[in-house]
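Remarks on the structure that follows.
Given the structure is predicted, the values throughout are model-derived calculations rather than measurements.
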Amino acid sequence: MAQPPILEARDLKAYYITEAFGVRRTVKAVDGVSLSIQPGEIYGIAGESGCGKSTLLKMLLGEFEPPLTPVEGTVAYDFGEGPSDALGMDEAEVASIRWSRVSYVPQGSMHVLNPVRRIGDTFHDFISTHRPMPRRQTNEMVKAYLAEFGLREGVLQSFPHQLSGGMRQRVTIALATILSPKLIFADEPTTALDVVVQRSVIQLLKRIQRDHGSTLVLITHDMGVQANLADRIAVLYAGKLVEEADTRTIFKAPRHPYTQHLIGSLPTLEDKVARQSLPGRPPALDDPPTGCRFHPRCPYAMDICKSVEPPLVTLEDGHRAACHLITDEADHAAHSRPALA
Amino acid sequence: MTLLKEYIVPRLIQWAIVIFIGVSLTFLIPRMSPINPIDQAMGRLTAFQTLSPEATLALRQSLMDLYGLEGNLLTQYLNFWGRVLRGDLGPSFSAFPTTVADMIGSGIWWTIGLLGLSTIIAWTLGLVLGGLAGYFPDRWWSKAVENTLVSIYPIPYYIVAFILLMLFTYYLPIFPLVGGSRGTASFSWSYIGSLVYYGFLPALSLVIGATAFRFIMSKALASTERSSDYVRFAEIAALPKRRIVFRYVIRNTMLPQVTDLALSLAAIFEGALITEVVFGYPGLGYLLLNAINASDYNMIMGITLLSIVGIATASLLVDLCYPLIDPRVRYR
């Protein structure tokens, strides 16, 4: 760990705070998440719907508005010029950092392109905002870039509805990465695409990350996509980080019961019987369970799980997990190696 | 070209059918009446004023012709169409022997000028203000504009007209009471200036209400656009707010608004009856009121035919403009 992390969140708490008819409702969507992402790595954030993935992404991107409120903790970027706060940026700072350094590939991409604007015009809007240049020059730049993506020049003159879903997603990825950003957030980039297109999108993201040396933060519930792309994976459950390790470890030796179920739900070619699904549903985040938030669904739940929240402990090789089953084990490890977070 | 074949030609055919049905109904309606409109009209006319024998005969003849009381139903119908196509609507009863076509011809430009301009101004203002207020709902100015326009909206336009008339011609005599212009028609600054001067209050009374209506619609549409994926994406990319509002939000709210503009423009041909009467403005509305008061059937028929053609044509023009605004209509 020679380089400082490009993105670091410390004990981040972000709640949706609403007040209607005098009743205050707090949804703890992200509740004490700490993570640090190294330059050049592909960092996956996984978890089922409603676990706080999207909220965490909004906070990491510094793009939030009420009722979503940062309650505690920090998010900082570091592009080699010292850390800068990501949560308190004003409009000018946001404009200076977005797209040229921090970019975002949205989910779905069916409706992220303005239906009444030609693709070329949209590209010009996005590029000239951050790097003022005449229209002709952006056209040249986009043409060259789209060619790398296997998209014809004619795409520039098209309207979004004339493109197929896969082309639209490639155009969107191109739109997000044309200024070679250092840090790219991809929010469910393969959802709503068929598997063939998914594959090409995965390869495309991988290539961009390699060619530009960017850092990619990949948010998806699809563990298959995570396995294909990510170097390291963080698993979120009910607004908390429950496990984080390199991809191989997450898939081969997951420690948290939730991660074990997540991995166990993946079908394999040798399957002869139906996969086991995890009973129950993710908890409502306005009133999460006490203690370990996973205990109502956990097959190994003990008494301590109902009252005491398990700490996120570091095992060997930066493998972190939060479960009472392994807390003791980590205590022993802590004697030989100092814990990280 | 597929655009011509699949888009323009069907709409032209539709336009022709609408006009055909409208004109045919106008032909049939007097025929459904149990009373003889000619005797009625002649009786009413000769009761209050004396016409010269030639005028009476010409009038009866023109009524016979126009109402098609010569020959059988089919020949009458064909003759009627012949007249309509030639633009021959007969003489006006109340201003005999001036023809209806001449009178409509002189009134229509006042109405088109007044209503066309005020409709377009109100449409543009409402669209832009509504778009801005929908995109920036929390700014003080957007709340101020919204509260003002929403309180004005329920006031009928003729009440606004009376209030403006009293305020600015009686208490503060800035604007003229009646009329459409001063001096003889010419392309001079003084004449055009007088057009604006005389048209200002009537136009304002129409613009206020129409802007409020457009604003409310436009704001609702813009609020929806604001949370659309492409606007969110443009915001995350930190595009300038001005560009987002105009190119991303308002540009998309325009699509349904253009259809509505067509309907408002089509209403021009009925004239803003009350506004023109309140301000003594020499347009179609004024003409129609006088025609109704004087039972000037030829004139009423003329204005009816004109509004049928006008509404159909305005809808056609907007349909034809639609591909320019929505690319999804352009290609299929």
Determine whether Arg117(A) and Arg251(B) satisfy the following criterion, side-chain contact (heavy atoms from CB on, under 4.5 Å), listing intermediate values before the conclusion.
CA-CA 9 Å; Arg117(A) 231 157 148 59; Arg251(B) 185 68 177 69; over 6 Å; no
May I ask you to check whether over 12 heavy atoms, not counting those of [X], lie within 6.0 Å of atom [atom1]?
| X | atom1 | result |
| --- | --- | --- |
| Tyr158(B) | OH | no |
| Glu91(A) | CD | no |
| Arg25(A) | CZ | no |
| Tyr153(B) | OH | no |
| Glu153(A) | CD | no |
| Phe200(B) | CZ | no |

Based on non-hydrogen pairs under 4.5 Å, which of Ile97(A), Val94(A), Leu175(A), Thr129(A) is most in contact with chain B?
Thr129(A)
Can you tell me which of Ser128(A), Pro160(A), Pro115(A) forms the most heavy-atom pairs within a distance under 4.5 Å of chain B?
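The candidate making the most pairs under 4.5 Å is Pro115(A).
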Angle class for the Phe126(A)/Phe233(B) ring planes (parallel below 30°, perpendicular above 60°, tilted otherwise)?
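The rings of Phe126(A) and Phe233(B) sit tilted, inter-plane angle from 30° to 60°.
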Could you grab the distance from atom [atom1] of [X] to atom [atom2] of [Y], nearest 0.5 Å is fine?
| X | Y | atom1 | atom2 | result |
| --- | --- | --- | --- | --- |
| Ile236(B) | Trp99(A) | CD1 | CH2 | 7.0 Å |
| Leu239(B) | Arg98(A) | CG | CZ | 11.5 Å |
| Leu113(A) | Tyr230(B) | CG | OH | 11.0 Å |

Under the side-chain hydrogen bond (donor to acceptor under 3.5 Å, both in side chains) rule, collect the residues that match up with [X], sequence neighbours excluded.
| X | result |
| --- | --- |
| Arg243(B) | Asp125(A) |
| Thr215(A) | none |
| Glu81(A) | Arg101(A) |

For chain A, which residues of residues 252-261 of chain B have heavy atoms nearer than 4.5 angstrom:
Asn252(B), Leu255(B)
Cut-off 4.5 Å, heavy atoms of chain B, and the answer for Thr122(A) is both
Of all heavy-atom pairs between Asp229(B) and His111(A), which one has the smallest distance, and what is that distance?
CB-O, 3.3 Å
Of all heavy-atom pairs linking Ala95(A) and Ala238(B), the shortest is CA-CB, 3.6 Å
Of the backbone (N, CA, C, O) and the side chain (C-beta and beyond), which part of Arg232(B) lies under 4.5 Å from a heavy atom of chain A, both, or neither?
side chain
